[in-house]
Amino acid sequence: MEKTIIVSNRLPVTLSRKDNKVVFTPSPGGLATGLAGASKDMNSVWIGWAGFALDGFHDNIEEIKLNLEKQRLIPIFLNEEDVNQFYEGFSNTTLWPLFHSFPTYTSCHEDQWEVYQKVNEIFCEEVLKHAGEDDLIWIHDYHLLLLPGLIRKKLPKAKIAYFQHIPFPSYEIFRILPWREQILEGVTGADLVGFHTHDDVKHFLTSIQRILGMENKMGTVRAEERIFKVDAFPLGIDYYKYREMSMLKSTERQVGLHRKQFQDVKIILSIDRLDYTKGIPERLKAFDIFLEKNPEFREKVSLLMIVVPSREKVQLYKNLKMEIDEMVGNITSKYRTVNWTPVLYFYRSYPLQSLSAFYKLSDVALITPLRDGMNLVCKEYVASRNDESGVLILSEMAGAAKELSDALIINPYNVEECANAIKTALCMPLDEQKRRMSEMQYLLAKYDVSKWTTIFLKSMEEIVQKQEELAMKRLTPELKHKVISDFNSSKKRILFLDYDGTLVSFQNRPEHAKPDKDLYEIMSRLCATQNLKVVIISGRNKATLSEWFGHFDMDIIAEHGLWMRRDNNWKMMFQLNDDWKKELSTILNLFVEKTPGSFVEEKDHSLVWHYRKADDDLSNARKKELLDYLQYLTTNMGLSVLEGNKVVEIKSALINKGRAVKKYLKAPFDFILAAGDDWTDEDMFKEMPEHAYTIKIGSSLSAAKYTLPQYIQGVNSGIRTILSDIAEKTQKLF
Ligand code: GDG
């Protein structure tokens, strides 16, 4: 890839005005800190909002642009109204609370949504000015959820990655959003979608499955003509930067000064942006309970609480600030002595080195968000503890808790538990502190931010490569042309056509997927074509297939090859013992009871568990359970267990589509076409001679030479485009 275009709401520097001059300061928050580390090793440019509203700003914009360009930064300028509606509005009063699972704080306003769309389009225009064919466009966070889709529409071949720094909520919460389809259509324009944790990945996959009907296999999602990948990439920090900074003489000097001031009082540290997701009132409550229950710790420990101003224009944040001020006031007045202040509260931001001194100074870090995508502060604390002392108390609701299991993990809503953890931390023996701290340091050093970038970019390369492999196999219009002309110029021709998922699209119940008028028309023309044998090859039973296709002059293979109708004669290909069915149907019925919406279909010589209509999460869990169970039960029974499209089928191992088609291939056909959509069709593809056209319907990997998208009901699409062309040409011959 040529260069990386990073796109985020904010540039890593924020512009503001001081004494009538434009000043550049580092942007606050985790995205800027995290990505600044990631971007330094890359050939990148960074597009983002300049951080101030354009209105009334008379400075020379061109000069500002030039200045930023030198740092490879490209500013986007927004007017005040847009900033209000897009940033303070839709991003921070709709998406932020909803994505952090605070639906009651979520407000939905159509006018803010309009501006959100408009600003995403402004970003899209700017990206298009800079994006070359081979560039990677790497979009960050919830302010730009529509951007991947917008770029995809303009540049269909662009390489687009999206990473979300905040959580993705469960489907039950996400579905509240009135614009849920549009938002998901935006994100799914990317080739790679990344989150911090597997829970977020799972939630996102469930939402796109439920809302957009997109299925996935191990995180690889099929979206009509494309595939894209969804995965977890827990963000790391620039570990050695924090470690080295904490060892600087100047940092140690600051620590020494603080120590002198605090004397023997132990320090518990918390640092957050002002936000209701960070659990600040709950933390203060826990500290209050701790002091109440453990009077012996009064005058011996203080909470050093740094709250960094953020989103001060939003009313909820103003209220939160007042609540915190009041709580700190209450605790202070309740416990304070002449020599001791229980809560050292600072509402401001500090230079990085001062933070480093605080990290190094503090005996305990108390990081208790109610919900947090990752949380970098806890990682920075761990990295700064170069003598391996110190205890981290960490909320289980932070993404970081998945990695830092050696912290004291607490539920931040359980203030009693948190109060107890404070005591445990303060009393923890030094050797245990060191054991836990060194484990966490080992992990953070290994998975630092540059490793994160490498892993993310590698995943991007992998998915692009997979897409290319699939694209190479796609049956293009030119290739379709060749299929038809080969068909026309050959003398002995045969078509092997799977039914469900190939000739027709799936329905909730198998009996609803009947052939439609259009398919019958195609079939009757194909069957009337000279020197052409049409074979339907399906897992369905012979009664159904006879009813639907019996009147055509065609061959039919039913139940994956157990039954064959050749020259109008049904014949069973093997003698089978079906004694196993009784025992296994009892088990399958048990799974039906445990999985509402699923049902068992009994065929002559096989059993099928269908779960298309069942809840996705539940049925996936049940399916795994069932497959494990069957594997153990069916050993030495001569049965095979097939996982099809939302079905699990158990049948004799003797029956497979490959064996069935072999019977035809003894004769010399100069034109062969075989099409199928699931892995029962793979046996058929593998038996086909080199000159056959084998076509996999859908885009997962297969032994077939080509792929075609699925048939969409009512539209001339999928394999029907070829069949109707063959049929049409044939008609002209008559
Ligand atoms: C979002 C997600 C996710 C804080 N105070 C000062 C200061 N900071 C720096 C910290 C840290 C960053 O800001 C805060 O990052 P967090 O991760 O803790 O939180 P968010 O800002 O909410 O970040 C979060 C993150 O994105 C990354 O993906 O982890 O879950 O919400 O680096 O050190 N920096 C300076 N002065 C301060 O006073 N210089």
Side-chain angles (χ1 to χ4, degrees), residues 6 8-10 12-14 25-39 91-92 95-97 99-102 138-143 162-169 194-197 199-200 232-239 241-242 245-246 251 269-280 304-311 317 345-360 362 365-384 392 394-395 397-404 444 447-449 452-453 456:
I6 298 177
S8 65
N9 171 48
R10 284 279 180 104
V13 294
T14 297
T25 46
S27 299
L31 187 150
T33 346
L35 270 193
S39 71
S91 297
N92 287 336
L95 295 174
W96 177 271
F99 280 35
H100 282 86
S101 306
F102 286 92
W138 190 0
I139 300 160
H140 290 265
D141 233 0
Y142 62 103
H143 315 88
Y162 170 79
F163 185 80
Q164 183 158 306
H165 292 256
I166 65 170
F168 195 90
F195 297 97
H196 283 304
T197 71
D199 284 346
D200 301 320
F233 303 92
L235 179 61
I237 55 165
D238 192 343
Y239 181 79
K241 179 177 108 180
Y242 286 93
M245 194 176 294
S246 75
T251 311
L269 176 71
S270 81
I271 302 179
D272 322 83
R273 276 185 313 96
L274 176 73
D275 205 296
Y276 49 84
T277 61
K278 301 289 181 183
I280 303 171
L304 171 57
M305 191 170 83
I306 295 165
V307 178
V308 181
S310 170
R311 303 176 197 171
Y317 288 69
Y345 168 40
F346 303 92
Y347 183 63
R348 72 188 78 144
S349 68
Y350 283 89
L352 202 60
Q353 200 174 5
S354 305
L355 288 193
S356 175
F358 290 140
Y359 288 143
K360 187 159 183 174
S362 304
L366 185 57
I367 312 290
T368 56
L370 301 178
R371 198 85 183 88
D372 216 335
M374 171 52 66
N375 193 293
L376 298 181
V377 169
C378 62
K379 292 189 169 182
E380 293 163 10
Y381 173 71
V382 171
S384 308
L392 172 64
L394 180 59
S395 157
M397 312 297 177
K402 302 270 185 294
E403 295 165 85
L404 301 179
L444 294 185
Y447 296 101
D448 66 352
V449 69
W452 177 78
T453 317
F456 190 90

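One-based numbering, in listed order, for ligands and for the atoms of each. Note that this is a predicted model, so its numbers are computed, not measured. Every heavy atom of this structure was used, including side-chain atoms; hydrogens, water molecules and symmetry mates were not.
- Counting heavy atoms closer than 4.0 Å to ligand 1, residue I271 contributes side-chain atoms (C-beta onward) but none from N, CA, C or O.
- When only interatomic distances are considered, the shortest N/O to N/O separation between W96 and ligand 1 does not fall below 3.5 Å.
- Heavy-atom proximity to atom 24 (C) of ligand 1, evaluated over D372, L352, I306, D272, is greatest for D372.
- Every residue two or more places apart in sequence or in another chain that forms a side chain to side chain donor-acceptor pair (under 3.5 Å) with T197 is listed here: D200.
- A400 is linked by a side-chain contact (heavy atoms from CB on, under 4.5 Å) to M374, C378, K379, L394, L404, counting only residues two or more places apart in sequence or in another chain.
- Atom 7 (C) of ligand 1 has its nearest heavy-atom neighbour, among L355, N375, I367, in L355.
- For ligand 1, one of its N or O atoms has an N or O atom of L376 under 3.5 Å away.
- Between Y345 and Y347, the angle of the ring planes lies from 30° to 60°, which puts this pair in the tilted group.
- The residue Q164 has no part lying near ligand 1, judged by heavy-atom distances below 4.0 Å.
- Contact between F233 and W452 at its shortest, heavy atoms only, is O-NE1, 2.8 Å.
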(request) Start with the C-alpha gap between L376 and L235, add the side-chain angles, then the distance that decides, and say whether side-chain contact (heavy atoms from CB on, under 4.5 Å) holds. (result) CA-CA 8 Å; L376 298 181; L235 179 61; 4.2 Å; yes
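- To the nearest 0.5 Å, the span separating CD1 on I6 from CD1 on I139 amounts to 12.0 Å.
- For the residues Y350, Y381, Y142, Y359, the heavy atom positioned nearest atom 37 (C) of ligand 1 is part of Y350.
- Here is the list of ligand 1 atoms found below 4.0 Å of a heavy atom in G373: 30 (O).
- Nearest heavy atom pair, residue Y276 against residue L370, reads O-CD1, 3.6 Å.
- For R273 against I280, the heavy-atom pair with the smallest separation is O-CD1, 4.2 Å.
- Per-residue contacts place L235 under 4.0 angstrom from the following atoms of ligand 1 (heavy atoms of the residue considered): 27 (C), 28 (O).
- At under 3.5 Å, not a single nitrogen or oxygen of F163, backbone or side chain, sits near a nitrogen or oxygen of ligand 1.
- Counting heavy atoms closer than 4.0 Å to ligand 1, residue I237 contributes nothing at all.
- Between E380, H196, K278, it is E380 that holds the heavy atom closest to atom 32 (O) of ligand 1.
- Aromatic ring centres of F358 and Y381: separated by at least 6.0 Å.
- Looking at ligand 1, you won't find any N or O of Y242 less than 3.5 Å from one of its N or O atoms.
- Looking only at side-chain heavy atoms (C-beta outward), P369 and N375 come within less than 4.5 Å of each other.
- With a 4.0 Å heavy-atom cut-off, ligand 1 is reached by the side chain of V308 but not by its N, CA, C or O.
- At least one N/O-N/O distance between H165 and ligand 1 falls below 3.5 Å.
- Outside the 6.0 Å centre-distance limit, the rings of F99 and Y142 are not counted as a close aromatic pair.
- Residue S349 has no nitrogen or oxygen atom sitting less than 3.5 Å from a nitrogen or oxygen atom of ligand 1, judged on distance alone.
- By the 3.5 Å distance cut-off applied to N or O atoms, M374 is counted among the residues near ligand 1.
- Relative ring orientation between F163 and H196 is described as perpendicular, the plane-to-plane angle rising above 60° on a 0-90° scale split at 30° and 60°.
- Looking at ligand 1, you'll find an N or O of R273 within less than 3.5 Å of one of its N or O atoms.
- Residue V377 has at least one heavy-atom neighbour below 4.0 Å for each of these atoms of ligand 1: 10 (C), 18 (O).
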